[in-house]
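First the proteins, then the strands, lettered A, B, ... as listed; each starts at 1.
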Amino acid sequence: MFRHDSPDEAAFRAEVRTWLAANLPAALRGRTNRPPPAELMPWYRMLSRKGWIAPHWPKQHGGMGATLNQQIVMTEELAQVGAPQLPAQGLNHIGPILIEFGTAAQKARHLPPIIEGSVIWAQGYSEPGAGSDLASLATRATLEGDHFIVHGQKIWTTWGHHSDWMFALVRTAPQAQPRQAGISFLLLDLHSPGITIRPIKTIAGDDEFSEVFFDNVMVPAENLVGKLNDGWRIANALLGHERLGTSNPQFALMALERIKTMARASGVMADPTFQDRLAAASINVIALAALFSHAVELTNRQHGLGPDSSIIKIFGSELLQALDELLIEAAGSHAAAEQPIATDFGVVDVSTPFLQVRRATIYGGSSEIQRNIVARRVLNLPN
Amino acid sequence: MFRHDSPDEAAFRAEVRTWLAANLPAALRGRTNRPPPAELMPWYRMLSRKGWIAPHWPKQHGGMGATLNQQIVMTEELAQVGAPQLPAQGLNHIGPILIEFGTAAQKARHLPPIIEGSVIWAQGYSEPGAGSDLASLATRATLEGDHFIVHGQKIWTTWGHHSDWMFALVRTAPQAQPRQAGISFLLLDLHSPGITIRPIKTIAGDDEFSEVFFDNVMVPAENLVGKLNDGWRIANALLGHERLGTSNPQFALMALERIKTMARASGVMADPTFQDRLAAASINVIALAALFSHAVELTNRQHGLGPDSSIIKIFGSELLQALDELLIEAAGSHAAAEQPIATDFGVVDVSTPFLQVRRATIYGGSSEIQRNIVARRVLNLPN
Amino acid sequence: MELHLSSEQTLLREAAAKFAAAAGPKVARGFRRRDISFAPEKLRQAGDLGWLGILVPSSAGGLSLGLTELALVLEQAGRGLVCEPIGLAAISAAALAQGHTPHPMLERTMNGAALVVPALQEDAHCNDLAEPRMRAADADGSIRLTGTKSFVCADGADGFLISAYGRDGPALFYVDRHAQGCELSATQTVDGRKLSTLRLKDAPADVVPSRQSSRNAVEALTDLALIALSAELLGVMEKAQEITLDYLRIRKQFGKPIGSFQALQHKAVDIYIRTQTTRSLLYQVAANNDPYRIDPALAVAVKAKASEDALFVTEACIQLHGAIGFTDEHDIGLYLKRAMLLSSLFGNAAAQRRRYVNLADLTV
Amino acid sequence: MELHLSSEQTLLREAAAKFAAAAGPKVARGFRRRDISFAPEKLRQAGDLGWLGILVPSSAGGLSLGLTELALVLEQAGRGLVCEPIGLAAISAAALAQGHTPHPMLERTMNGAALVVPALQEDAHCNDLAEPRMRAADADGSIRLTGTKSFVCADGADGFLISAYGRDGPALFYVDRHAQGCELSATQTVDGRKLSTLRLKDAPADVVPSRQSSRNAVEALTDLALIALSAELLGVMEKAQEITLDYLRIRKQFGKPIGSFQALQHKAVDIYIRTQTTRSLLYQVAANNDPYRIDPALAVAVKAKASEDALFVTEACIQLHGAIGFTDEHDIGLYLKRAMLLSSLFGNAAAQRRRYVNLADLTV
């Protein structure tokens, strides 16, 4: 966005663009909600077969080992064509964690299915009583022989009811102080007996989230990642990957396109006051892309961004909300329409992305929690 | 602003407008800084002789006993003509406090000079170590016989070096717990021996503030207002008056006029994007005027607004800052000009009000402190 | 900040609060996606209480009250997420009562037996409120309307008050729902109520005259609509604030109520400042304007502020709830959705500012 | 977030930081309201270090470096409130080096013996940057300029790079300070430096050609100015942030450091987000654009963001200091004043957005 492609990059961009144009099904373009697995996973597997499903993963684990600029080119082209959001817990979260902390057996078993798209992962962190205060989580895992017995409940599990496996934080030393020292990182097969999953309907009308109940579920001890009671450190070590993932400028670029379509249709695109707000938003999108590139560059070189990743999460998620506020402004009296609006410039869904994006500043650590982290750990402000 | 005058009000407005046009010296109109006493006080006394210096005071104490709508008419007309800001500590703060809590002798001695404009008052609350945490103030007053001996220091004293008297919070019971219970409310003659006053130059280039040093100053015991160690309650009881005073929409209306003049001169008044921001600001000014009227109405009827006055202070002061940000936007590359800018539409001072207004959210209790007060005392949020 | 009310006004507010308490989130959920998204018998009850004729002169059988009273009732309706279109019916009744002889629909509109709603908007951004493209043709002594109105709250309506360009410029007309050439198509909103497009082709209409003292009947009705929607928006944001403050006091994290965290406290104060400034603005304007002659710049200012603040407040309330606020089963989302609908009707905040620039002469 | 720099870039930044540390608030105060508001020998020192020729091709005696290196030096200048116009001199040198044979003033400009500054602006809102009203007339083989330029940083300048409308449209010209028909009048700014109005009447001038690869020389110099000012603004806000964070850690109220209060922590984070996003944006644009061919939409975007963020940050820093931050004797106010000046030059944030709308085609 702020670069001219090198000849190699230009060639790569052309390749990506041509391939996407030929292969991405029309029904999956410009979707505001994440399509259900039956629709989405064939596309995931198509990207996988092309070798493009994990641009940021090393080649040895099935990734593309792409350069920073190639990653940016892909982001821009995926945005351009309106590609749907993929399930990210495997690619952006547990994958990098296993690459870093997993045993050889864990890697061999779990990484290929992520790349292939044959297994969907869910994250099991939040609980009803442990949201912002994650360290207070209460789901117990008791080691009995060569199994953990897991009992408790997780909530706000993205795509829980569509997932095959969950990586979860569980309490293995109830008396440990600080509480963080009693938590382990466990991989759970969601098809195990004793697990009940209930989808949660959101204000946007989708069911992105679930509640997951564990009633004395048996989990093989080999599914422990890292050492016993060392789960907190593992979960936090690569948080930057997740935060980077959720703030990929692809979503902001797609939001900008949606705004322009709506504004053209409603006529407000010709209004200088709207143009001014659109310019301000566009400039912030460029800034997000720059911040993202900068962060990817640092991540590639230093292996982990640390707590600075929180500002990308804050800036990216709050910008998405500002963009969707501009979208409903552009929509005028169409703002509350529940269904996509058919216009001369294409079909635009207005209320769904606006409602969906409310969660951007809540999940994955709310903006308030991220600000606490930055204040303490980046700015070194006192407690 | 949101009313049509009744016939009586229209007559009063005409009277005020005619009188102001005839009597307010041209040199005092549209000033962004408060003119020095030699320039300002003759005008104060002229208003006093007309009977209009204290619209909100009861008639028995020399006030005008004006109705709410008359007060609003005066506010609007003073803004219209660009009348200068008067010293307000007497009129809006110690005056109402003495009317409520003063002895007959204190009222008789101190109220007439405030009305006449023969004495200027300063407020002595803040200290170098006690700003937001006012209750930690350390200036001591020890009763010895029929005098207090005052020792310590006050700071950020508005117009301290121009003032004749100070009302101050002083510590009379050093060991009292909570600390608020050891504070008394005292009237000090600033011409007493042992007092040193040093003006403080501000970023706006004026010297609105002073430091005041007390080196064992003798203060007659009869200058205690209310009971010993009851000063905290007294200082807070009528804070609403001060907050109302500082958020008088007159200043916002004058800021709007300044913006319009600058915008016409720089040509940006014709730009729809600027018009849009000016509309947003204007609507907020009307909202401030409405909030102010509402508060004056409640104050008149119920005698005291309570902690709700904090939201007027927050909204009014943050709005003034937003207005002055719009002013420097309107000024474009004139924004940093130190001196007033001569234009075809009149002379406009841009940088001075912009810099001055920085203090609006700091003094009289910062916006942060006001938000704490509202959260705890109005919204009843837990500690 | 409390309002200073007369004892009659206090009684009126209490009655409205009682009516609203019988509605609420659960009832509102029940109406989602229903053919008629409110209870006709409840509308008749509002009529029995006099609210639909609240602005109508007593000579025409109304209560002859002012904008303050209208706002008091509609603020409660907003708080209760009431689905019955009390505000639209009441301002339509006021419009129908303007002529020398009241319009034949007035009585049934006032008692809630029939529902008449305004249909003034053609454009999503209200650029043409004062210049409708709808045309009124006068042929053989009868008037016929042709054109399209959008974003009409037509659920359960028996007739419409329509702005159209006639011989003498824009005027207000009444068209019956079942008139020849009158066609409605509805789309669903997130609020559960529908918005309709009204297409007229040579539909028979009659003129609704303006009150002698007032400006053009179209403008008078538009300004009334802005005040009515703003009052409802105020109630919506106030109730959302109340629910959120309760949650902040009860929900615990890190061993204490989340309402004890300064960052959340300050956000709660920002919400409170929005509700209070909208409240003061609305009620000061209401107290100082005649319902039939509202200063249009003020009506626009009120709607601009209420629309912006209601979205700010209800969005912030969801944020303060955290993940639970994002679920469909929690009530707080219903307030955001109602705010989305009401803030967008008759022009969102940006559209109001566009009108304000001209009304307040900010162009030179 | 740290930048990824080469070792040469790191050394350059360290040298610039050393230079800036020798300046700072105290030195900047000393220059307030002085005839020449900087130290000419310090400008020569910057020349000796090569910074004034940082963009100049090595064939013309410069360092032949890029925008990243320019930004690294100017960011430090901003941090140190350096008064010497390093950025303006460096971009002027770049402009003077464009032709087949370098301009005669190039060498002295590069070594700091002479100061040449751009004079492109005529209007407070930069509506006419690309369409100057200044006229260039060609008579008897010599060029003469007539017109007025505003907001010129003319303190101590020996010559100006001036945009004017000539036979072939807008072009860039050099005019000597002491040329006939050249008149300057200065006004004081809050920053202590002056801004001047430059009036030319048939002043002799010579053309400064554009580089073959680049766009119009006027546009190229404008875009360089936007980047240079933005880099200085970045340094200003970063240093203000640093001073403020220190104060938050030390100042106590209610028995603890005020930096432990969550509301102030979150405000500090908002500041940090502004500095970091401006920083990433500036350096990504710098790394990916040729100094003689900057994408104008990006130059404008960078200046818009830096201008807005620098005011936001320095205003917030004063607020976080409380009353002490409002005194003239405390340094923090100097950063706000520098931000006021730099953000307003060559168009404030609103003016940049106006240009961005057209450059990025946001009109249809």
Indicate the atoms forming the closest heavy-atom contact of B:I283 with C:A301, along with that distance. CG2-O, 3.7 Å
Please flag which part of C:L298 lies under 4.5 Å from any non-hydrogen atom of chain B: side chain, backbone, both or neither. side chain
For the NZ atom of B:K260 and the CG atom of C:D361, what is their distance to the nearest 0.5 Å? 8.5 Å
Chain C contact via B:N284 - side chain, backbone, both or neither, heavy atoms under 4.5 Å: side chain
Taking a cut-off of under 4.5 angstrom between non-hydrogen atoms, the residues of residues 225-242 of chain C near chain B are none
Would you give me the side-chain donor-acceptor pairs under 3.5 Å for residues 375-383 of chain B, sequence neighbours excluded?
residue, atom, partner, partner atom, Å
B:R376, NE, B:N383, OD1, 3.3
B:R376, NH1, B:N383, OD1, 3.4

Side chain, backbone, both or neither: which part of B:E368 has an atom under 4.5 Å from a heavy atom of chain C? both
Go through the atoms of B:A289 and report whether side chain, backbone, both or neither lie under 4.5 Å from a heavy atom of chain C. neither
Using non-hydrogen atoms only, which part of C:L3 is less than 4.5 Å away from chain B: side chain, backbone, both, or neither? both
Which of C:K305, C:H4, C:R249 touches chain B most, by non-hydrogen pairs under 4.5 Å: C:H4
Reported CZ-to-CZ distance for the pair B:R277 and C:R353, which is rounded to 0.5 angstrom: 10.0 Å
The interface call for B:Q275 against chain C, heavy-atom contacts under 4.5 Å, is both
Non-hydrogen atoms of chain B under 4.5 Å away: do they reach the side chain of C:E308, the backbone, both or neither? neither
Members of residues 262-270 of chain C whose heavy atoms come closer than 4.5 Å to chain B: C:Q262, C:Q265, C:H266, C:A268, C:V269, C:D270
Checking an interface table here. Which of residues 277-287 of chain C come within a heavy-atom distance under 4.5 Å of chain B? C:T277, C:S280, C:L281, C:Q284, C:V285
First locate atom CD1 of B:I314, then atom CD of C:Q276, and finally report the distance between them rounded to the nearest 0.5 Å. 11.5 Å
Report yes if some heavy atom in the side chain of B:L278 is under 4.5 Å from a heavy atom in the side chain of C:Y356; otherwise report no. no
Which distance, rounded to the nearest 0.5 Å, do you find between the CG of C:N288 and the CG of B:N69? 6.5 Å
